[in-house]
Structure formats: C-alpha cells, structure tokens
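Worksheet: one structure, shown below.
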Amino acid sequence: MKKNLTVLIALWTTCVPSAALADPPPRSTYVLGPEDRVVVQAFELEELAAEPVRIDENGDLSLAILGTVHAAGLTVRELEIELVARAKRYVKEPRVTIRLGEMRSQPVSVLGAVNSPGVHQLQGQKSLIQILSMAGGLRPDAGHTAKITRQSEWGAIPLPGADNSAAGYSVAEVAIKDMLEAANPAENIAILPHDVITIPRAEMVYVIGDVKRPGGHVLGQSESVSVLQALALAEGLERTASPQSAKILRASGAGEQRQEIAVDVRKILIGQSVDVPLKRDDILFIPGSAAKRASWRVLESVLQIGTGIAIYRR
C-alpha cells in the first residue's frame, strides 16, 4: 500500500491538541532566554511602562525602579516571583504580571524537503514530529531519514548511534518512516533550542512520456530499480507508446546536459534483451509513436523547472 509521509505526520499530529502548535506555551513551562521580549505590569508602580522589554544577550532584563534581573533560565512565573520580591521594597502587597511579547530565544532550524523550511521557535516542549508539523510537514520527495545536529552544551542526542566526535556538536539520524509508523516511537525525541533538523531529498527515478502514470518515484532505502520495475511503477505503457525508441536521460555532471542512452524497452519486455538498471535521478522517456524527435527535450525542461511532475511513494 502506498504511503505518504506527509499524511502520516498529519495523522500523528491529530493526537496532539492544535493549541500545542499555535497557542503560547504554558507560563510554567516556557523558559526565558536572550532576545525574548516580555511585558511587565505592576499596578502599584507606574514607572513600569506596559511595553515590551527585551532580554539582552547576557540574559538580563533591565526595568525601571526594580533594576536589572537575570531572567534567562527562568519561567514566566519564576520571574514574576522574583519581581514581586523586589517590588516589596516599594509596595506592601505588589501585584506583578508578565506577558510574553515575542519568543525568540529558542530557535530550531528545519532545512531540506519540508513545506516550510526555516527557523521555528519551540515555544515550550516539542517533539521531533511536532517540529516537522510546524514546518508544514514533509514534501513528497522527502528522504527516509532526518538528521539532527545539536550543540554540545545541550548534551548528547539520546539516540543509539549518535556521533559525538565533532567538536561542539552531537549528530544523529532518525528513520522517519519507522518513527511515524510507531515501529520505533522512542526516536521521536524532544527537540532542544538551536537544534538543526535536516530532511534530505529522497533518491528518485522519473518515468515520463507515453505511460499511464508519469512522474517521479521515490526509491526505498538501499533500493535499486530497473527499467521494467520503473515501468511497473508507472503502471505500464499507453497504447500509443513506442517502447523501441525509449531513452534513459542520465545526468553526466552538475549543470551539464543529460546523456542519452538508447534502450529498446520492447525487446526487454519480450525477453530478447537484458533489463537495464537505472541510477538515481535517471529519467526514462517513452515516446509516443507519432512523437517528434525533440519531444523528450521539452519534457526534460518541464522536469527541471519542477512543473507538472507528480511524485509517488510506495
């Protein structure tokens, strides 16, 4: 049965309340840090303007009357308790409230084959799957693993096989499909500030032309595909196909024109020729019987600009 990792993510995250992805984090869990902005209000102290105040790069928050307090590492509630203690110098029973203005201290970078790559803020505790969901889920051409890079100051990544040899970093890979299908749910680890999550593009082959299901087909891990297997993925030839004139278009180098390899698919189908293995990013072109000789160049151009090419997973 064909499975789409993006759909699996969507199914998984339905178990998580939507507020966990959209609402501000609970006051008791969000840990403040540099670049966060907070709004401090003390009803008895008019000197405290109800405007966002930035926590500086040292983690300090400077406030009128109350002075400088080290806010980094404290939750909002813990900072309120600290400021109430300071306000008691001026007011008998002070009431201090803090509201999060902007949360910038817990960035996580999500790169590669996701729908919304970029920097996302943790805003509380988040798992790997939740972060991928915040990044819009996986693209259809996403690979089978996620690479996590963590700064050593946050500790080693708690996964078997994590590589801690790189100076200042811990690096590990997660099998996304196994994690999503609950084959290995322990790999859905908590993501920490400044983690970098990279989703590589999957290895693919493309079948275009007079086939019933043209498009790109994602290869499984350590999987190779032959011409006949690629045709099977494309659900076979159209009646108007001219398989004896098929070509494999193979990249010969970065930025170079693809190499043409003639392949007589008709002979392969009837057992008169050996099946031909395809390499990563190969394009198998099956022309129509009345197609012009240059038609494949137009189709290749369409593929290169990423327009009109469907991508399929198994």
Side-chain angles (χ1 to χ4, degrees), residues 1-10 110-117 132 135-147 175-177 180-181 198-238 240-243 245-263 265 268-269 275-288 291 294-314:
M1 183 178 66
K2 300 178 179 67
K3 297 177 181 176
N4 187 301
L5 292 182
T6 304
V7 174
L8 288 171
I9 282 185
V110 187
L111 310 174
V114 293
N115 289 307
S116 299
L132 292 177
L138 303 178
R139 293 202 317 247
D141 62 342
H144 300 274
T145 60
K147 183 178 180 179
I176 299 176
K177 185 177 179 181
L180 293 174
E181 294 179 346
T198 306
I199 308 296
R201 182 172 170 269
E203 293 190 356
M204 302 181 67
V205 295
Y206 302 88
V207 185
I208 58 179
D210 264 23
V211 292
K212 294 180 179 178
R213 198 185 188 203
H217 297 271
V218 175
L219 301 180
Q221 288 177 288
S222 303
E223 181 183 16
S224 61
V225 170
S226 69
V227 166
L228 288 186
Q229 289 172 321
L231 280 178
L233 293 173
E235 298 183 357
L237 302 169
E238 293 283 9
T240 57
S242 181
S245 301
K247 291 183 176 67
I248 296 172
L249 312 178
R250 179 165 295 164
S252 55
E256 297 183 11
Q257 189 170 354
R258 287 178 180 267
Q259 173 189 6
E260 295 182 42
I261 303 172
V263 55
V265 173
I268 296 176
L269 287 169
D275 198 1
V276 179
L278 296 176
K279 295 183 178 181
R280 174 182 177 177
D281 290 329
D282 275 359
I283 303 169
L284 176 62
F285 172 59
I286 308 294
S295 295
W296 68 267
R297 297 186 185 277
V298 177
L299 291 171
E300 185 186 17
S301 298
V302 172
L303 175 64
Q304 288 176 342
I305 64 175
T307 303
I309 299 296
I311 297 175
Y312 303 103
R313 281 187 177 270
R314 282 173 286 165

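Taken from CD in Gln257 to CD in Glu260, the straight-line distance is 7.5 Å, to the nearest 0.5 Å. Between the CZ atom in Arg201 and the CZ atom in Arg280 there is a gap of 6.5 Å [rounded to 0.5 Å]. If you take OG1 on Thr240 and CD1 on Ile286, they are separated by 11.5 Å, rounding to the nearest 0.5 Å. In this structure, the separation between CG on Leu269 and CG on Leu228 is 5.5 Å, given to the nearest 0.5 Å. In this structure, OG on Ser116 lies 10.5 Å from CZ on Arg139, to the nearest 0.5 angstrom. Distance CD/Gln259 to CD1/Ile248: 9.5 Å, rounded to 0.5 Å.
For Pro214 against Ile208, the heavy-atom pair with the smallest separation is CB-CA, 4.2 Å. When every heavy atom of Ile176 is checked against every heavy atom of Gly143, the shortest pair comes out as CD1-O, 4.2 Å. Shown here for Val110 and Ala135, the closest heavy-atom pair between the two residues is CG1-CB, 3.8 Å. In plain terms, the two heavy atoms of Lys212 and Glu238 that are nearest each other are CA-OE2, 3.7 Å. The minimum heavy-atom distance linking Leu278 with Ala230 is given by the pair CD1-CB, 3.6 Å. When all heavy atoms are compared, the tightest approach of Ala234 to Val207 is CB-CG1, 3.8 Å.
Here the rule is side chain to side chain contact (heavy atoms under 4.5 Å, CB included) with Val265, and of Ser242, Pro243, Ser245 only Pro243 fits it.
Salt bridge absent: Asp281 and Arg258 never bring a charged side-chain N and a carboxylate O closer than 4.0 Å.
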Derivation of the side chain to side chain contact (heavy atoms under 4.5 Å, CB included) call for Met204 and His217:
CA-CA 5 Å; Met204 302 181 67; His217 297 271; over 6 Å; no
Carefully, step by step, assess Arg250 and Ile261 under the rule side chain to side chain contact (heavy atoms under 4.5 Å, CB included).
CA-CA 8 Å; Arg250 179 165 295 164; Ile261 303 172; 3.6 Å; yes
Checking side chain to side chain contact (heavy atoms under 4.5 Å, CB included) for the pair Ile199/Lys147: CA distance, chi angles, key distance, verdict?
CA-CA 7 Å; Ile199 308 296; Lys147 183 178 180 179; over 6 Å; no
Side chain to side chain contact (heavy atoms under 4.5 Å, CB included) between Leu231 and Leu284, intermediate numbers included
CA-CA 9 Å; Leu231 280 178; Leu284 176 62; 4.2 Å; yes
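Side-chain contact between Asp282 and Leu249 is absent, with no heavy atoms from C-beta onward closer than 4.5 Å.
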